[in-house]
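To start, the structure itself, in structure tokens.
A quick note: this is a predicted structure, and the numbers were derived from the prediction, not measured. All chains are named by letter (A, B, ...) in the order of the sequence lines, taking the proteins before the strands, and each is independently numbered beginning at 1.
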Amino acid sequence: MSEAVQMKSTYRVIARDGAAKSALFTTVHGEVKTPVFMNVATAAAIKGGVSSADLEGIGTQIALCNTYHLRLRPGDDIVYRMGGVRAFMDWHKPVLTDSGGFQVFSLSERRRITEQGVEFRSHIDGRKLFMGPEESMRIQSHLGSTIAMAFDECPPALAERDYVQASVDRTTRWLFRCIRELQRLNGLSGTVNPDQLLFGINQGAVYDDIRIEHAKRIAALDLPGYAIGGLAVGETHAQMYQVLEQTVPHLPAEKPVYLMGVGTPENILEGVRRGVDFFDCVYPSRNGRHGHVYTAYGKLNLMNRRFATDERPPEEGCPCPACRRHSRAYIHHLFKAGELLGKRLAVLHNLCFYNRLMSEIREAIAEGAYDRYADRRIAEMHAGESEQTLA
RNA sequence: GUGACCGUGGCAGAAAUGGCUUAUGCGCCGGAUUGUGGUUCCGGAUUAUGCGGGUUCGAGUCCCGUCGGCCACC
């Protein structure tokens with residue numbers, strides 16, 4: 001099971017600055033400049049009423065959809081018949097699909113794990129759904145995403161060592177099954193994307209030695225990309241950064257590294273500093289829906305009374321559709337009045353904020369000034385937060 | 001005009017025969033959220049029993065008066 005995997009993508013590093021790197025990842029669905037933040041569209045939609053056209057307007061390079069959720073609704077067979085998830089949502093840039101592995105964690109009350117796979121009880125109607133490596137690959141093949149993620153188990157950060165070791169070993173066996181199944185599916189006629197890529201996922205909670213051993217093991221498979229999963233699930237930031245420092249050096253330097261589910265702007269700045277290329281997180285969309293908007297000087301809760309008469313845009317100088325035309329006061333009002341538009345504008349702004357952050361990060365790396373840039377951004381965010389506390 | 005019923009925070013609306021500092025929901029003020037079970041979850045505040053008297057150890061609850069509302073009848 002050590003034969004190299006041939007998949008159509010190229011990864012070309014444009015600039016390095018310490019461990020930070022900026023690269024061009026080329027796929028059959030287009031190029032992605034890294035570091036990049038993937039915009040999360042779990043059910044083939046950005047929650048909060050943001051459309052594919054909106055994403056094009058704010059510089060989104062790649063969207064992320066979810067296998068478990070689309071399997072349940074509308075069903076991968078329907079998405080397949082509609083030409084795959086990209087045609088379905090009329091989004092013609094790359095899409096990465098998460099495998100359902102995270103739901104093994106987030107829906108832990110509703111599933112049972114065996115060697116074969118995971119049996120879920122649907123959170124929608126309670127019906128049983130079995131998903132193992134083969135099922136996940138079959139669904140993702142139907143969805144036709146650019147990048148399929150390996151089906152893994154995401155164990156909680158606090159899990160005991162013995163459990164984590166056993167879980168990681170199983171995740172490794174599942175990865176072999178994912179590879180075999182996806183290669184078979186890519187070769188079938190009628191496949192939506194016969195060049196679908198597979199990223200492997202490193203696990204090991206906060207046990208450095210398990211992480212490292214697992215990283216070496218999967219690095220040898222020469223997959224088109226590698227993810228670090230099982231972080232931001234209960235450990236401290238210090239632990240998360242420590243895991244990155246230990247693990248990233250053992251993943252192939254000539255392949256993209258994806259830190260799954262992370263995170264805050266600060267998490268991202270620190271992740272890039274340690275060699276991460278891809279990020280995704282629900283924060284910009286979920287926080288936007290809850291009235292929180294990101295700015296260079298920290299996060300604002302526009303629901304707060306102090307914004308009722310604030311004439312400034314959510315973030316001064318931001319080119320997004322919300323900031324170009326609307327005031328904090330207006331968006332505050334929309335939230336108070338329960339108007340959908342409030343959520344839409346806040347989510348749009350937040351995604352634009354993240355996309356712009358990534359673009360600046362790439363520039364800073366290209367200029368060889370990444371550390372200074374990251375330090376400054378982090379300091380500004382903290383300065384802003386303390387100002388708000390005083391006010 | 002006569003009679004009945006009813007007045008509890010910003011609003012709605014509970015408090016068994018009188019018995020500890022009167023719920024609860026909404027709203028309000030904050031906070032949380034990391035590969036999205038989130039229109040979610042958690043916390044907090046309001047000097048709430050129309051007004052005035054009385055009975056009682058003790059009154060939102062009983063009595064009298066008064067103001068207001070509402071209904072029925074004339």
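- A/I212 and A/I201 are assigned to two separate hydrophobic clusters, defined by single-linkage of ILVMFWY side chains at heavy-atom distances under 4.5 Å.
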Item to complete: Would you give a per-nucleotide map of nucleotides 26-31 of chain B, 5' to 3', where B means the base has a protein non-hydrogen atom under 4.0 Å away, S means only the sugar-phosphate does, and - means neither?
Response: --SSSS
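- For the P atom pair drawn from B/U56 and B/C63, the interatomic distance equals 16 Å after rounding to whole Å.
- Nucleotides B/C26 and B/U39, compared at atom P, are 16 Å apart to the nearest Å.
- Evaluation of the ring pair (Phe, Tyr, Trp, His ring centres under 6.0 Å) test over residues 299-325 of chain A, restricted to residues two or more places apart or in two chains, returns none.
- Taking a cutoff of 4.0 Å between a charged side-chain nitrogen and a carboxylate oxygen, A/K93 and A/E56 do not qualify as a salt bridge.
- Comment: A/R170 engages A/E153 in a salt bridge, judged by a side-chain N to carboxylate O separation of less than 4.0 angstrom.
- Straight-line distance between the P atoms of B/G13 and B/G58: roughly 33 Å, to the nearest whole Å.
- The same atom, P, is picked in B/A16 and in B/A59; the two are 16 Å apart, to the nearest Å.
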Fill in: Base-pairing string, 5' to 3', of RNA chain B - Watson-Crick or wobble, under 3.5 Å, | interstrand
(((.(((..(((......[....))).(((((.......))))).....(((((..]....)))))))).))).
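- Contacts between residues 130-143 of chain A and RNA chain B, counted as heavy-atom distances below 4.0 Å, involve no residue at all.
- Listed by first and then second residue, the salt bridge (Lys or Arg N to Asp or Glu O under 4.0 Å) pairs that reach into residues 126-151 of chain A are A/D125-A/R127, A/E134-A/R177, A/R138-A/E181, sequence neighbours excluded.
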Listing, residues 314-324 of chain A side-chain donor-acceptor contacts under 3.5 Å, not counting sequence neighbours, or none:
unit_1 : atom_1 : unit_2 : atom_2 : d
A/E315 : OE1    : A/R356 : NH2    : 2.7
A/E315 : OE2    : A/A296 : N      : 2.7
A/R324 : NH1    : A/P319 : O      : 2.8

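- Legend: salt bridge (Lys or Arg N to Asp or Glu O under 4.0 Å) pairs involving residues 338-348 of chain A, not counting sequence neighbours, sorted by first then second residue: A/D54-A/R344.
- Comparing the P positions of B/C73 and B/G7 gives a spacing of 23 Å, expressed to the nearest Å.
- Sorted by first then second residue, the side chain to side chain donor-acceptor pair (under 3.5 Å) pairs that include residues 37-49 of chain A, not counting sequence neighbours, are A/N39-A/T60, A/N39-A/N355.
- Rounded to whole Å, the separation between the P atoms of B/C29 and B/C71 comes to 36 Å.
- Spacing between B/A14 and B/C6 at atom P, rounded to whole Å, works out to 13 Å.
- Electrostatic pairing of A/E115 and A/R173 counts as a salt bridge here, judged by a charged N lying under 4.0 Å from a carboxylate O.
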Worksheet, complete the sentence: Per-nt protein contacts along nucleotides 35-43 of chain B (heavy atom under 4.0 Å; B base, S backbone sugar-phosphate only, - none) come out as BBBBSB---
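- For residues 59-72 of chain A, the set of pairs meeting the salt bridge (Lys or Arg N to Asp or Glu O under 4.0 Å) definition, not counting sequence neighbours, comprises A/R71-A/D76.
- On the C1' atoms, B/A4 is 35 Å away from B/C20, given to the nearest whole Å.
- A salt bridge links A/D209 with A/R161; the closest basic N to acidic carboxylate O contact falls under 4.0 Å.
- Applying the side chain to side chain donor-acceptor pair (under 3.5 Å) test to pairs two or more places apart or on separate chains, those with a residue in residues 187-196 of chain A are A/S145-A/Q196.
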Mind listing the side-chain donor-acceptor pairs of residues 279-286 of chain A below 3.5 Å, one per line with the distance, residues two or more places apart or on another chain?
unit_1 : atom_1 : unit_2 : atom_2 : d
A/D280 : OD1    : A/Y258 : OH     : 2.6
A/D280 : OD1    : A/G261 : N      : 2.8
A/S285 : OG     : A/V282 : O      : 3.1

